[in-house]
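Below is one structure, written out as structure tokens; comments come after it.
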Amino acid sequence: MTATCVILDIGGVLEITPQTGWVQRWEERLELPPGTVNERMRDVWHAGSVGSISEREVHEQVATRLGLDTLRTEAFTADLWAEYLGTPNEELITYVRGLRGRCRLGILSNSFVGARERETALYHFDALVDQIVYSHEIGIEKPDQRAFEAACTSLEVRPENCLFIDDVAANVDAARVTGMQAHLFEDNARTITRIAAHLDAGPLVPGRVPLG
């Protein structure tokens, strides 16, 4: 429980995920007013993020709510995943890979049903870290403090010995409230420097008074 630990987000951190404009393109194609797709699909998107709906049911709801046939439903969901998965942040992934054996490594991600299978196939995150905690598998999203607690439990580490890295300020703040150290991802250089400092400091031992 006294092991040093680094926990990372996926989208915007380990994956580079700029907006592709796919929703707007579909609204234009279907001649729908701007915002219609997300308005019609909002509860489905949420259900997918906490795992209360299956991937098959997501496809069914897309088809029904947007009036799409099978081929267009498949094209729509392909566009969804293209933006969701983005491209790998190779520099950071390579750095994290080099940390294996030096500390406990984990991922905590707000996700969508089907993400584990796709990210494992594309990016092999399962081989990069010791544990991956997906919101769609635990039914809890960041910034809910229970998500951070679940990550610590899965890694068998104490929150104060963890450095959590995310690109969303609200999630970084919530991690600190949980007792973690946290870093807002803005670029690889500053993030790698922060991780190195965390590892150099080592774990806090219960009963030891921290210096500085």
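Of the possible donor and acceptor atoms, none in the side chain of Ser135 sits under 3.5 Å from a partner among the backbone N and O of Val50. Judged by distance alone, with hydrogens and angles left aside, the side-chain atoms of Glu15 form no donor-acceptor pair with the main-chain N or O of Gly86 at under 3.5 Å. Checked by atom type and distance alone, the side chain of Arg104 pairs as donor or acceptor with a backbone atom of Leu155 at under 3.5 Å. Counting only distance, with no hydrogens or angles, the side chain of Gln145 and the backbone of Ala175 share no donor-acceptor pair below 3.5 Å. Thr64 contributes no side-chain N or O that, together with a main-chain N or O of Gln61, makes up a donor-acceptor pair within less than 3.5 Å. Within the 3.5 Å criterion, the main-chain N or O of Asn161 finds a donor-acceptor partner in the side chain of His198. Between the side chain of Asn110 and the backbone N or O of Lys142, at least one donor-acceptor pair lies under 3.5 Å.
For residues 47-71, the set of pairs meeting the ring-ring contact (aromatic ring centres under 6.0 Å, His included) definition, not counting sequence neighbours, is empty.
Once rounded to the nearest 0.5 Å, the distance linking CD of Glu90 with CG of Asn188 reads 11.0 Å. The distance from atom CZ of Phe76 to atom CZ of Arg72, rounded to the nearest 0.5 Å, is 11.0 Å. Annotation: the span from Ser52 atom OG to His136 atom NE2 amounts to 11.5 Å, rounded to 0.5 Å. One distance of note links OG1 of Thr20 with CG of Asp79; it measures 7.0 Å at 0.5 Å rounding. Distance check: Ile10 CD1 to Ile107 CD1 gives 4.5 Å after rounding to the nearest 0.5 Å. Rounding to the nearest 0.5 Å places CG of Asp187 at 8.5 Å from OG1 of Thr193.
There is a side-chain donor-acceptor pair under 3.5 Å between His183 and Thr191.
Shown here for Gly35 and Glu27, the closest heavy-atom pair between the two residues is N-OE2, 3.0 Å. Here the shortest heavy-atom pairing between Ala147 and Ile140 reads N-CG2, 3.9 Å. In plain terms, the two heavy atoms of Pro88 and Ile93 that are nearest each other are CB-CD1, 3.8 Å. Arg65 approaches Arg40 most closely through the heavy-atom pair NH1-O, 2.7 Å. Between His46 and Ser49, the shortest heavy-atom distance links the atoms O-OG, 2.6 Å. Closest non-hydrogen pair, Cys152 versus Met180, comes out as SG-CE, 3.2 Å.
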Taking it one step at a time, do Val113 and Glu57 satisfy side-chain contact (heavy atoms from CB on, under 4.5 Å)? CA-CA 10 Å; Val113 60; Glu57 289 169 327; over 6 Å; no
Derivation of the side-chain contact (heavy atoms from CB on, under 4.5 Å) call for Val6 and Val96: CA-CA 9 Å; Val6 177; Val96 172; over 6 Å; no
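Seen from the ring of Trp45, Arg42 does not count as a face-on cation partner, given the 6.0 Å and 45° thresholds.
With sequence neighbours excluded, the residues forming a side chain to side chain contact (heavy atoms under 4.5 Å, CB included) with Val168 are Asp166, Ala170, Asn171, listed by chain and number. His124 is linked by a side chain to side chain contact (heavy atoms under 4.5 Å, CB included) to Asp126, counting only residues two or more places apart in sequence or in another chain. Taking the salt bridge (charged side-chain N to carboxylate O under 4.0 Å, His left out) definition, one finds that Arg25 meets it with nothing, sequence neighbours left out. Taking Val13 as the reference, Leu8, Asp9, Leu92, Ile165, Asp167, Phe185 meet the side chain to side chain contact (heavy atoms under 4.5 Å, CB included) condition, with sequence neighbours excluded.
With a 4.5 Å cut-off on side-chain heavy atoms, Trp26 and Leu66 do not count as touching.
Under a hydrophobic-cluster definition in which Ile, Leu, Val, Met, Phe, Trp and Tyr are linked whenever side-chain heavy atoms come within less than 4.5 Å, directly or via other members, Ile192 and Leu14 are assigned to the same cluster. Residues Ile7 and Leu199 are members of separate hydrophobic clusters, defined by side-chain heavy-atom contacts under 4.5 angstrom among Ile, Leu, Val, Met, Phe, Trp and Tyr. Both Ile138 and Val157 belong to a common hydrophobic cluster when Ile, Leu, Val, Met, Phe, Trp and Tyr are linked at side-chain heavy-atom distances under 4.5 angstrom. Val44 is connected to Tyr84 through a chain of hydrophobic side-chain contacts under 4.5 Å among Ile, Leu, Val, Met, Phe, Trp and Tyr, so both are in one cluster. When hydrophobic clusters are built by joining Ile, Leu, Val, Met, Phe, Trp and Tyr residues whose side-chain heavy atoms come closer than 4.5 Å, directly or via intermediates, Val23 is grouped together with Leu85.
Under a cut-off of 6.0 angstrom, the local environment of CD in Glu117 is crowded, with over 12 non-hydrogen atoms contributed by other residues, nucleotides or ligands. The 12-atom threshold is not exceeded at CZ of Arg146, counting heavy atoms of other residues, nucleotides or ligands nearer than 6.0 Å.
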For residues 127-134, which side-chain N or O atoms pair as donor and acceptor with protein atoms under 3.5 Å away, sequence neighbours left out?
| residue | atom | partner | partner atom | Å |
| --- | --- | --- | --- | --- |
| Asp130 | OD1 | Arg100 | NH2 | 3.4 |
| Asp130 | OD2 | Leu105 | N | 2.8 |
| Tyr134 | OH | Glu119 | OE1 | 2.7 |

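Between Phe148 and Phe164, the distance separating the two ring centers is shorter than 6.0 angstrom.
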